[in-house]
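Read through the structure below, which is laid out as structure tokens, and then see the notes.
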Amino acid sequence: MEIPKTYSPKDFEDDIYKDWEAQELFNPDKIKPRRKEHFSIVLPPPNVTGTLHLGHASMLAIEDLFVRYKRMQGFDTAWIPGTDHAAIATQNVVEKKLWKEEGKTRHDLGRERFLERVEAYVEDSKNIIHNQIRKMGASLDWSREAYTLDETRARAVRKVFKMMYDDGLIYRGYRIVNWCPRCKTTLADDEVDYKEQSAKLYTFKYDKNFPFAIATTRPETKLGDAAVAVNPNDERYQEYIGQIFDVNFCGVDLKIKIIADDAVESEFGTGALGVTPAHSAVDFDMAQKNNLEIIKVIDEDAKMTDKAGKFAGMSVEEAREKISAELEKNGLLEKTEELINNLSVCYRCKSAIEPLTSDQWFINVNKKFKVRGSEMKKSAGKEASLKELSLSVVKDKNINIIPERFEKTYFHWMENLRDWCISRQLWFGHQIPVWYCEDCAEYVVTELSATELFVMRHGEAKNNVLDQLNSDIENQINGLTEKGKEQVEAVFEKLKNEKIGAIYCSDFRRTKETAAIINEKLNLPIIEDPRLREVGVGEFEGKHDAELAAFRQNNFAQWQNDNPHGIESFESLKTRVFACLEEIAEKFPGQKVLIITHGDVCRIVQGFRKNIADEKLFKMDYPLTGEYLHLKFAPIKCKCGSQNLKQDEDTLDTWFSAGLWTFSTLLEKDFETFDKKENPLLKRFHPTTVLETGYDILFFWVARMILMTTYATGEVPFENVYLHGLIRDKEGDKMSKSKPETAIDPLDAGRKYGFDAVRLSLLIGNTAGNDIRLYDEKIEGYRNFVNKLWNISRFILMEQGGRDKQASEISELSKTLADRWIISRFNKLIREVTKLLDEYNFSSAGELLREFTWNDFADWYLEISKVEQNKEEMLKYIFKNLLKLWHPFVPFVTETIWKQMNPKEKSLMISEWPEFAEKAIDENSEKEFESVKELIIKIRNVRSENKVQPAKKIRISIISDNENLIKEQRENITALSRAEVLTFTRQEQEKFIKDFVPMGEIYFYMTDLIDPEKEKERIEKEKNNLENYISGMEKKLSNDEFVNNAPRPVVEGERQKLAEAREKLEKILEQLGALK
RNA sequence: GGGCAAUUAGCUCAGCUGGUUAGAGCGCUGCAUUCACAUUGCAGAGGUCACAGGUUCGAGUCCUGUAUUGCCCACCA
């Protein structure tokens, strides 16, 4: 067999992955589990905007390791992939792209068109990241891929929203929120970052009549002040507490109440704080407590509002300048000073956050509700708030966080959690499932999705080309032209991802043909409805379109309710079309329906359920051939009976849908409830076993999942949380594009060193909760190791023959001391690695494996096997099982080698995890072999010290207490140390003593060595070490307190060690004597 | 301001509930090239475990304090 000397990962990796996928080995339905217990992980969904970075790579390496390990152990194993729509991040990316490439804003396109752009972008992006994930070797079940914004997940989102609303946990309120004026949306508290900046602190009085000064960095907000707060213990202001002052601040009249609040620090500024309820979270709380007026002086564009008097319309910066100038001019400004403070900025775009009051949807985290699930009730009681429930499941260890210290962080965050603002003023995301009635003040919350109608005109027909009106059902001879057919195909291209549930068309030939073309791909029932026919044209039949158009344009009033020249009246057309639409809406609530009809009908449709005057409606444009209309309707009625409802424009915080991820990914496509009876996958895999993610999103995501899932399902989302650290560069800094020389792209690194090496570099040395440094030399080292594995396999494959042995046949395999040694060591390795992996300590497991593979197996056993010969079966037994242990770490190279060794087997990844065999443990043989190793190393050492040419064989004599062992190992010692062993008895040796140099138990033939003095030095050194050691031990053992207090085995152990050391010393002294 | 972590060989890090003469990889030094592998082999040098106290028969490991570094949270009106 021709096997290259160097392993070339790129020649194998892609094919190996394709083979796994083709065999469907990632799908738990396609492989037989050998145990009942499940092991499941849902992939933390990467943002659709992203490309694979090291954070993902490390996440994938760790999770794939867990999953492959458990799969080999026979667990029913699922690893579910998906992507996150990442509302704000994705919208920002597409907006930037749109601006750069076309100079347009999202408003230029409008919601509908903009979202189409986003979806197109998302599609591309998803494919890129999925292929990158495959590169890493991740054994994800792609057949169950989810997306936070797909229909199943969307239904789960609406359902939970409604559940929470019905439980009174979701409410709409006018509250202070974090507003990003750039993104034009609210942000959750933890989506706000802080940036240090230097600011000016202004100390001033509102006006001349106000008794004392206040200090602020933002004078412009003071236009909205309703109070001044002081510390209740501050003596300076006691007399004013409770008083109300009418002031005129820069032309704006304000009523300022003096209130006392502990939050105020007397030492800061003047100890008096101007309270601006509308623009500071702390002040808003004070306003609630003290019933203060909320005056909003800054709007959503970060401009001053009408309430700001003459400053209205100015930017906040401009207003600040003007106000400070005016204060100074009027002698109200006492001083300005520089200070460093934290500016709150948007975590996505880094612009300054403007805290302001606004009408938003919130989740109440303190309100009690009826807890679901018996385990949850046990933890939190029958009734609990979201906060209490989320705290209790971690306190009671229903969820186990690794490393444990993050529990504290979690508790602290959860205990201080405030109501969660979930509405976002973005377009991309889950639209809030609330419908406002246009005819009364009510609104309706529904889990049903909007009924959506896609209304299109037929493609170009022959009568269009001839410019002949043709609406006589008896005379439908004209079908579509070639161009018409192409137009239809073009529309279908745009619609194909919409998951249309039904197709309606008129009974005209041109619409039926259009429907048939589209339905070639969709295979839906086509419903023909004559109510969707083109308007009846009466006497104009067969005439030019323009003639009819001109007539109707000029005689609308006449035609509105009547039928001059036999033209069907507008009223009649409207009535039949609306009746048809009403029926469709009722028949397909929450679904998408495609309607293929004619120009005038398209026009009319736009007025469905809307109060649009007939004439205005008649004059509306309708979509050109090749385009379509998209209309959304409420799937339910308002209490008042009106169906004229409009959905809330806002979308939900992306973490709302992400919070459902562990169970929403396991729901059936057409689920009605979250019940396990209805959702077999949920029953099989939920709660998931481990959630593996970075500690940096503990709050964003992990906490939210706990909160949302315990609420919605009455079950924890996961039993364990494994938090990994961040990947840093060699200096310990965050990798960033601004430092390209240290930033590593996992894909580049994979191409260069192989993805197995990249995985190892991310796994070994990586411990829970700790950051890890990565740099090229490290990956290179693991590349070298992978190559070592490869070359071990080359060696073993060259040793032909032998058959595979099982663990039960170990005794047959063990013929020599080296055999017993390696097999004992190896079985300990199996035991240790298994234990460490169960403890999530994969780094130590990897280190042990590396040590065994390189040091024990390659450096010693393989060398011995060249001497002892005929070890094919043993080598195969160890190596094949070793490949299994390695597989979760380095799946590609192990599978590649496995396939070469077992061409007939399906795959290493579904082979059985090695079992530890107790009977293989042989402590005595291990000890004996270690002493042989020691001898060999000593001989090599002496050779090296004396610069003996490697090719030169030296002669030695060994005087050992274990003469049999030396005799038996004579060949091994000779081969591995290039020394000829001449065994002497003590008496025999006496005769040669003058020619030999003693070194421990070994006597070297003097003329073979260059410098016996050197050896003397060495022995002296060893003697000193030993003497020091012995005196320390003696002291210890003569200490009664130690002997009495320390546990017996410890004392015994120490005695043993002392005895051994004394023996050793004795020999050394003897040899030293001989040297002199 | 509150909290968490880290500090062990030149570098990157192990060292579990206190009981070895403190380990690994890389790097370094010397030697070796047809025999699985130079992406290699063999041998070696290198550490008062940040500092100061304390607990204990015994401390890298536990406690207190100090210093340095990093991170998280709160907040700076």
Side-chain angles (χ1 to χ4, degrees), chain A residues 3 5-7 190 194 199 201 214-218 221-222 229 263-265 268-270 272-276 280-283 339-342 344 403 405-406 408-409 412-413 416 695-696 698-699 725-726 728 730 732-733 753 757 764-765 767 769-775 777-778 780-799 839 841 843-844 847 850-851 854-855 858-859 862-863 866 937 940-945 947-951 976-978 1025-1026 1028-1029 1032-1033 1036 1039-1047 1049-1051 1053-1054 1057 1061:
Chain A
I3 308 169
K5 280 188 173 189
T6 311
Y7 174 60
D190 49 353
Y194 293 93
L201 183 71
I214 59 164
T216 183
T217 52
R218 298 199 57 190
T221 64
K222 303 291 108 183
V264 182
E265 282 177 44
F268 190 93
T270 60
L273 160 70
V275 179
T276 319
S280 152
V282 182
D283 296 9
L339 91 169
I340 305 289
N341 71 352
N342 274 333
S344 46
R405 68 183 137 91
F406 281 99
K408 259 190 232 170
T409 324
H412 182 256
W413 186 81
N416 293 294
Y695 65 74
D696 52 328
L698 178 65
F699 304 138
L726 269 46
R728 299 178 172 279
K730 200 170 184 178
D733 297 328
Y753 302 111
I764 297 184
T767 50
N770 293 322
D771 294 350
I772 176 177
R773 297 184 191 199
L774 190 68
Y775 38 87
E777 298 92 302
K778 209 172 193 172
E780 215 174 284
Y782 291 112
R783 187 266 322 262
N784 295 353
F785 173 75
V786 168
N787 192 56
K788 186 80 185 179
L789 262 185
W790 175 257
N791 275 293
I792 294 173
S793 84
R794 283 186 74 211
F795 176 76
I796 292 174
L797 280 163
M798 282 163 66
E799 308 263 307
E839 291 165 354
N841 192 350
S843 175
S844 298
E847 275 175 58
R850 185 190 191 283
E851 198 183 306
W854 206 316
N855 302 342
D859 289 346
L862 254 49
E863 292 308 317
K866 292 174 189 169
I937 288 169
R940 286 170 173 172
N941 181 0
V942 170
R943 292 183 62 117
S944 174
E945 284 282 299
K947 304 210 189 310
V948 179
Q949 285 301 305
L976 269 56
S977 65
R978 310 261 330 134
N1025 282 345
L1026 263 175
N1028 287 338
Y1029 180 60
M1033 282 302 237
K1036 197 175 191 180
N1039 183 343
D1040 287 344
E1041 295 200 83
F1042 170 70
V1043 178
N1044 297 333
N1045 291 325
V1050 173
V1051 179
E1054 301 294 279
K1057 274 185 238 159

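Chain naming here is simple, since letters A, B, ... match the order of the sequence lines and numbering starts at 1 in each.
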Could you run through nucleotides 1-14 of chain B and give me one letter per nucleotide, 5' to 3': B if any protein heavy atom sits under 4.0 Å from the base, S if only the sugar-phosphate is that close, - if neither?
-> ---SS------SSS

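- Going from atom CG of A:Asn1044 over to atom C1' of B:rG58 covers 14 Å, rounded to whole Å.
- Comparing B:rG15 with B:rG53, their P atoms are spaced 28 Å from each other, to the whole Å.
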Dot-bracket pairing map - RNA chain B, Watson-Crick plus G-U, both contacts under 3.5 Å, | cross-strand = (((((((..((((.....[...)))).(((((.......))))).....(((((..]....))))))))))))....

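- We find that CG of A:Leu201 is positioned 8 Å from C1' of B:rA77, with the value rounded to whole Å.
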List the steps and the verdict of side chain to side chain contact (heavy atoms under 4.5 Å, CB included) for A:Glu265 and A:Leu273.
-> CA-CA 9 Å; A:Glu265 282 177 44; A:Leu273 160 70; over 6 Å; no

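- In this structure, A:Lys1057 reaches the B:rU20 phosphate: one of its side-chain N or O atoms is under 4.0 Å from OP1 or OP2.
- Rounded to whole Å, the distance from CG on A:Asp696 to P on B:rC71 is 13 Å.
- Remark: P of B:rA77 and CG of A:Leu273 are 10 Å apart, rounded to the nearest angstrom.
- Regarding A:Lys1036, its NZ atom lies at a distance of 11 Å from the C1' atom of B:rG18, rounded to whole Å.
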In the 5'-to-3' direction, what one-character label does each nucleotide of nucleotides 38-50 of chain B receive under the scheme B = base within less than 4.0 Å of a protein heavy atom, S = sugar-phosphate only, - = no such atom?
-> -BSSSSS------

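- One interatomic measurement links the two molecules: CD of A:Glu1041 to P of B:rC57, which rounds to 5 Å at whole-angstrom precision.
- Closest approach of A:Lys788 to A:Ala858, counting heavy atoms only: CE-CB, 3.8 Å.
- Taking the P atoms as reference points, B:rA6 lies 23 Å from B:rA22, given to the whole Å.
- Rounded to whole Å, atom P of B:rC26 lies 12 Å from atom CD of A:Glu777.
- Residue A:Asn341 places at least one side-chain N or O under 4.0 Å from the OP1 or OP2 atom of B:rA77.
- With A:Lys778 contributing its side chain and A:Arg773 its backbone, the two residues share a donor-acceptor pair below 3.5 Å.
- Ion pairing between a basic and an acidic side chain is recognised when a charged N comes within 4.0 Å of a carboxylate O; A:Arg850 and A:Glu847 show no such pairing.
- Computed from coordinates, the A:Asn1028 CG to B:rU21 P distance equals 12 Å when rounded to whole Å.
- The residue among A:Asp190 and A:Thr216 whose nearest nucleotide of RNA chain B lies closer to the 5′ end is A:Asp190.
- Annotation: of the two residues near RNA chain B, A:Asn841 and A:Asp283, the 5′-most nearest-nucleotide partner is A:Asn841.
- Counting heavy atoms from C-beta outward, A:Leu789 and A:Tyr7 have side chains that stay 4.5 Å or more apart.
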